[in-house]
Number of protein chains: 2
Amino acid sequence: MSIIGETCYHRAMASKTRLPGRDALRDSVLGGDLVFLLARANALTLAAANAALAEHGLKARSYSVLALAADGARPTQRELAEFLRLDPSQVVALVDGLEQRQLVERRTDPADRRANVLVATDAGRDLFARAQQAARAVERGLLAPVTPEEHERLAGLLRLLAFPD
Amino acid sequence: MSIIGETCYHRAMASKTRLPGRDALRDSVLGGDLVFLLARANALTLAAANAALAEHGLKARSYSVLALAADGARPTQRELAEFLRLDPSQVVALVDGLEQRQLVERRTDPADRRANVLVATDAGRDLFARAQQAARAVERGLLAPVTPEEHERLAGLLRLLAFPD
DNA sequence: ATGGACCATTGAAAATGTCAATCATTGGTG
DNA sequence: CACCAATGATTGACATTTTCAATGGTCCAT
């Protein structure tokens, strides 16, 4: 859930809607509201990412889980939940989906037999590699109007917000 | 909907969880993924904003609608939907809620009698003023580790992502 | 005047988010 | 060692959000 949805409403609205209204809103109080800008930027980028990942049968979420499994961090589901800020029960469902497609495996953590550690299968790493291409292409597209230095700065600032310690 | 939820899982997790795992994840592929960082930053800031707005009986969404009504932009519901990226039917519910609390009024747009224009009541402007205080305090808190110039840069970059033209 | 597009609204179905309860396991303490 | 409170995963129930198609009123270009 976000302020803001990925909502389409792309249906009828593509046309020559009265633009002045939109621009007026853009200059309103919310235009300087960080929470709002973050929410809207998130909604748009997420929608773009999901669209690109769809052809690989993934969404941003499953892609994230697969990514973490694929680079050998061997996260437990508990760690995934915290990192992705999902309820553990949502992680169960997500992992179920990936496991059924044989992209990841649950291995019980030898250090703590309550926990499952996630590892990607060969097929999983494969799919991830391809999906990552798509994801990167999207990111490049989104960041087209931004110089590489600005890109790095943006990432750094977002990290501060995303991981306040 | 976001990659990432506002999810709590604050229940048991406050304690001395094995931190190494989390840090490993942070340095994984996703750590450089803009879409992910945006989603996580959004989840956290949104949760903080919602918590702060709760005492005024608002959430980030209703606050946003109230904000736009309150500063006299006279948006139609259609414009709200596009700006907030919500389905028009969600805007209906949102406005219903605010109107029942007498914070906003629907006025049929004299220029187009199909459309409703939203205006805040005195009570609505009042509540907004107070809620805005809370919202700004949250934002200050979130941006504590960031200099004012960086703050501006961040807002500028986010605007590029939030309003690609 | 007519027809096609558009706004707001409704209602239903799918997807998500939230939460409490359960089982197996852990780790610390008496 | 035996116990017990705390933790990881899982399930199922329930609430909220999202998505979408259908409808009635209005606009506008022909």
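Every chain is numbered from 1, with letters handed out A, B, ... down the list of sequences.
- Look at CD on B/Gln77: it is 15 Å from P on D/dT26, rounded to the nearest Å.
- D/dT16 atom C1' lies 7 Å from atom NZ of B/Lys59, rounded to whole Å.
- Close to D/dT18, at under 4.0 Å from its OP1 or OP2, lies a side-chain N or O of B/Gln90.
- Remark: A/Arg113 is in phosphate contact with C/dT26, judged by side-chain N or O atoms under 4.0 Å from OP1 or OP2.
- Each of B/Ala111 and A/Val92 was matched to the nucleotide of DNA chain D holding its nearest heavy atom; the match closer to the 5' end belongs to A/Val92.
- Listed candidates were C/dC19, C/dA8, D/dT16. Nearest to the side chain of A/Ser89 is C/dC19.
- Going from atom CZ of A/Arg106 over to atom C1' of D/dG8 covers 12 Å, rounded to whole Å.
- Separating the CZ atom in A/Arg85 from the CG atom in B/Leu46 is a distance of 10.5 Å, to the nearest 0.5 Å.
- Here the P atom of nucleotide C/dC7 and the CG atom of B/Leu80 are 13 Å apart, to the nearest Å.
- At the phosphate of D/dT18, OP1 or OP2 sits under 4.0 Å from a side-chain N or O atom of B/Arg61.
- Counting to the nearest Å, the C1' atom of C/dA8 and the CG atom of B/Leu98 are 16 Å from each other.
- Annotation: side chain of B/Leu66 is in contact with side chain of B/Leu127 (closest heavy-atom distance under 4.5 Å).
- For the pair A/Asp96 CG and D/dT10 P, the computed distance is 7 Å after rounding to whole Å.
- Taking the six-membered ring where the residue is Trp, the centroids of A/Phe83 and A/Phe163 are separated by under 6.0 Å.
- Between the side chain of A/Arg114 and the base of D/dT7 there is at least one donor-acceptor pair of N/O atoms closer than 3.5 Å.
- Atom CG of B/Asp112 and atom P of C/dA5 are 17 Å apart (whole Å).
- Taking 4.0 Å as the cut-off between side-chain N and carboxylate O, B/Arg26 and A/Asp165 count as a salt-bridged pair.
- Look at A/Asp112 and A/Arg78 and you find no salt bridge, because none of the NZ, NE, NH1 or NH2 atoms lies under 4.0 Å from a carboxylate O.
- Atom CG in B/Leu94 sits about 13 Å away from atom C1' in D/dT16, given to the nearest Å.
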